[in-house]
Amino acid sequence: MNFSNKLISWYLQNNRDLPWRKTKNPYFVWLSEIMLQQTRVAQGMSYYLKFTETFPTIFDLAKADESTILKMWQGLGYYSRARNLHFTAKHIVSEFNGEFPSTYATIIKLKGIGDYTASAIASICFDEPTAVVDGNVYRVLSRYFGIDTPINSSKGIKEFKELAQTLLDENQSGTYNQAIMDFGAIQCKPKKPLCMFCPFNESCVAYQKNKIDVLPVKEKKLKVKKRYFNYLVVKTDDNNTILNERKGKGIWQGLYQFPLIESDKIINKDELISLEEFINFFPEATTISLYNKKEIVHKLSHQHLYTQFWVIETATLSKAKIDWKSVEKYPVPVLIANFLEDFLSKK
DNA sequence: AAAACGGGGAG
DNA sequence: CTCCCAGTTTT
């Protein structure tokens, strides 16, 4: 048996029972693929079920408010996925009358869809023989063929895509693509792969040469920036607060947060109230207290956010328009959601 | 070509 | 703690 036949044979006995595999409806497949970008199946599952229930068709998704979609996406991360998802839903409804494009070439033009997702949808839904290359595929191929080209280099991306395409079973491309991904996720795992009873172990270069732990090769690691966040949690006498939407570049676009003052280090109360930014915000005397005695470190892939929440109790404030009872309706970063859960439980 | 973009789970 | 997950977009 050749590589792809053996892989599909493995898949028929070991595949995961996943809800988006019960259909070839491109809307559902697209939804699952976007949610699972850089996201584990276990983490994305509940979101997929919630979205398909709330938005049974692409028309329902297109009709929704962006804020509603972001709120439902809250906690899943990489929020540009949710915004692009909404944009593309509206685009497909208005430009294509709701009919999903059916070829790789047309699918990849959609916002939020790159080579991987276009290949996945084209093969799974429309039987177009386009090979997917995700993290699983890089790992399986680099190990089995003993390829040490860095998977995140231009050369590696090209090389692995071409290899994947030659291995693809063109008569069942969707099944093959899902087979190699499941194989990577279940058998050929990043750590402690199950080589002892792997159907490929006799012909796997990495296993035979004892290079399982060095493949795939990935070059350079990212540097993490430290930032210092001071959130001003306003609580007026008439039970209002202030939330701002994050706009422009950077993290958490479209999500809401308390007024933020960023500093260059951890600061104390005296330092906070002497900052020009703070004085401009609260000219009047107010009661200020630090909510978390020890700074909260919220870790993102590229930055560590050292965060202090300052509770500011004051008289009625014209800028404070948001009733505390409605705060939890806004889409917020997990950092803010965690704070709210604790803060609101102690009232 | 490199950096930015979230959050969580495994080891 | 480090690594990495059904990657894409922006710089």
Side-chain angles (χ1 to χ4, degrees), chain A residues 15-16 18-21 28-48 70 73-85 87-88 107-124 131-140 150-158 160-161 164 174 176-186 188-193 213-214 216-225 227 246 248-255 297-305 331-338:
Chain A
N15 71 80
R16 293 176 285 185
L18 303 171
W20 47 87
R21 286 189 175 155
F28 292 127
V29 174
W30 168 57
L31 196 51
S32 72
E33 295 297 347
I34 299 298
M35 287 182 165
L36 294 179
Q37 288 168 2
Q38 293 291 284
T39 305
R40 292 169 195 280
V41 167
Q43 189 186 359
M45 181 67 77
S46 65
Y47 289 85
Y48 175 81
L70 282 171
W73 199 273
Q74 182 177 308
L76 199 53
Y78 284 154
Y79 297 93
S80 65
R81 291 182 296 172
R83 298 194 308 274
N84 288 335
L85 185 79
F87 178 94
T88 294
I107 294 170
I108 200 171
K109 290 180 179 169
L110 301 171
K111 198 170 285 189
I113 294 183
D115 178 75
Y116 163 77
T117 304
S119 300
I121 297 172
S123 63
I124 294 169
V132 298
V133 184
D134 73 335
N136 293 306
V137 176
Y138 281 122
R139 189 168 54 255
V140 171
I151 61 172
N152 54 346
S153 64
S154 298
K155 184 165 179 285
I157 292 168
K158 188 166 179 287
F160 281 97
K161 176 74 181 184
Y176 169 84
N177 278 336
Q178 301 195 71
I180 192 169
M181 290 192 284
D182 255 19
F183 181 77
I186 296 170
C188 196
K189 300 182 294 181
K191 307 287 182 183
K192 309 256 184 150
D213 54 339
V214 298
V217 173
K218 202 169 181 177
E219 62 187 13
K220 66 197 167 244
K221 43 226 129 208
L222 49 94
K223 46 204 173 287
V224 177
K225 185 196 300 181
R227 301 174 70 179
R246 289 187 66 99
K249 314 281 88 159
I251 57 175
W252 300 333
Q253 270 180 62
L255 274 59
V297 186
H298 189 74
K299 293 178 178 178
L300 307 179
S301 48
H302 287 74
Q303 12 187 318
H304 288 181
L305 310 176
V332 297
V334 164
L335 173 61
I336 301 293
N338 288 344

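Protein chains get the first letters and strands the later ones, always in sequence-line order, with residue 1 at the start of each.
Distance noted for atom P between B/dG8 and C/dT9: 24 Å (whole Å). Using atom C1' as the reference point in both C/dT8 and B/dG9, the two lie 23 Å apart (nearest Å). Between B/dA4 and C/dA6, the two P atoms lie 24 Å apart (nearest whole Å).
For the atom pair CZ of A/Arg21 and CG of A/Asn15, the computed distance is 6.0 Å after rounding to the nearest 0.5 Å. Separating the OH atom in A/Tyr78 from the CH2 atom in A/Trp73 is a distance of 12.5 Å, to the nearest 0.5 Å.
Atom CE of A/Met45 and atom C1' of B/dG8 are 16 Å apart (whole Å). Computed from coordinates, the A/Gln74 CD to B/dG6 P distance equals 13 Å when rounded to whole Å. In this structure, CD1 of A/Ile336 is placed 15 Å from C1' of B/dG7, rounded to the nearest angstrom. Between the CG atom of A/Asn152 and the C1' atom of B/dA4 there is a distance of 15 Å, given to the nearest Å. Atom NZ in A/Lys191 sits roughly 10 Å away from atom P in B/dG11 (whole-Å rounding). Rounded to a whole Å, the CD1 atom of A/Ile151 is 11 Å from the C1' atom of C/dC5. The NZ-C1' distance, from A/Lys225 to B/dG6, rounds to 16 Å in whole Å. Rounded to a whole Å, the NZ atom of A/Lys189 is 22 Å from the P atom of C/dT2.
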- When every nucleotide of nucleotides 6-11 of chain C is labelled 5' to 3' by its protein contacts under 4.0 Å (heavy atoms), B for base, S for sugar-phosphate only, - for none, what sequence of letters results? BBSS-S

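Comparing A/Ser301 and A/Ala42 by the nucleotide of DNA chain B that holds the closest heavy atom to each, the one mapping nearer the 5' end is A/Ser301.
Here the shortest heavy-atom pairing between A/Val133 and A/Ala164 reads CG2-CB, 3.9 Å.
Distance alone, capped at 3.5 Å, is enough to place a donor-acceptor pair between the A/Gln253 side chain and the A/Gly248 backbone. Remark: the backbone N or O of A/Ser153 is not paired with any side-chain donor or acceptor of A/Lys158 at under 3.5 angstrom. No side-chain donor-acceptor contact under 3.5 Å links A/Thr88 to the backbone of A/Leu85.
For B/dA2, the OP1/OP2 oxygens have a side-chain nitrogen or oxygen of A/Lys220 closer than 4.0 Å. Listed pair A/His298 / B/dG7 meets the phosphate criterion, a side-chain N or O lying under 4.0 Å from OP1 or OP2. Note on A/Trp252: every side-chain N or O is 4.0 Å or more away from OP1 and OP2 of B/dA4.
Residues A/Ile336 and A/Trp252 are not in side-chain contact: their nearest non-hydrogen atoms beyond the backbone lie 4.5 Å or more apart. Here the side chains of A/Pro150 and A/Lys155 are not in contact, with every heavy-atom distance at 4.5 Å or above.
For DNA chain C, each stem of at least three Watson-Crick or G-U pairs (distances under 3.5 Å) is given as range with range: B:1-5 with C:7-11, B:7-11 with C:1-5.
Among the protein residues, A/Gly250 comes within range of the sugar-phosphate backbone only, with heavy atoms under 4.0 Å from sugar or phosphate atoms but none that close to a base. Within the 4.0 angstrom heavy-atom criterion, no nucleotide atom of any strand lies near A/Gln253.
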- Message: Between A/Phe183 and A/Val137, is the side chain to side chain contact (heavy atoms under 4.5 Å, CB included) condition met? List the steps.
- Response: CA-CA 9 Å; A/Phe183 181 77; A/Val137 176; over 6 Å; no

- Please step through side chain to side chain donor-acceptor pair (under 3.5 Å) for the pair A/Gln37 and A/Thr117, ending with a clear verdict. CA-CA 9 Å; A/Gln37 288 168 2; A/Thr117 304; 3.0 Å; yes

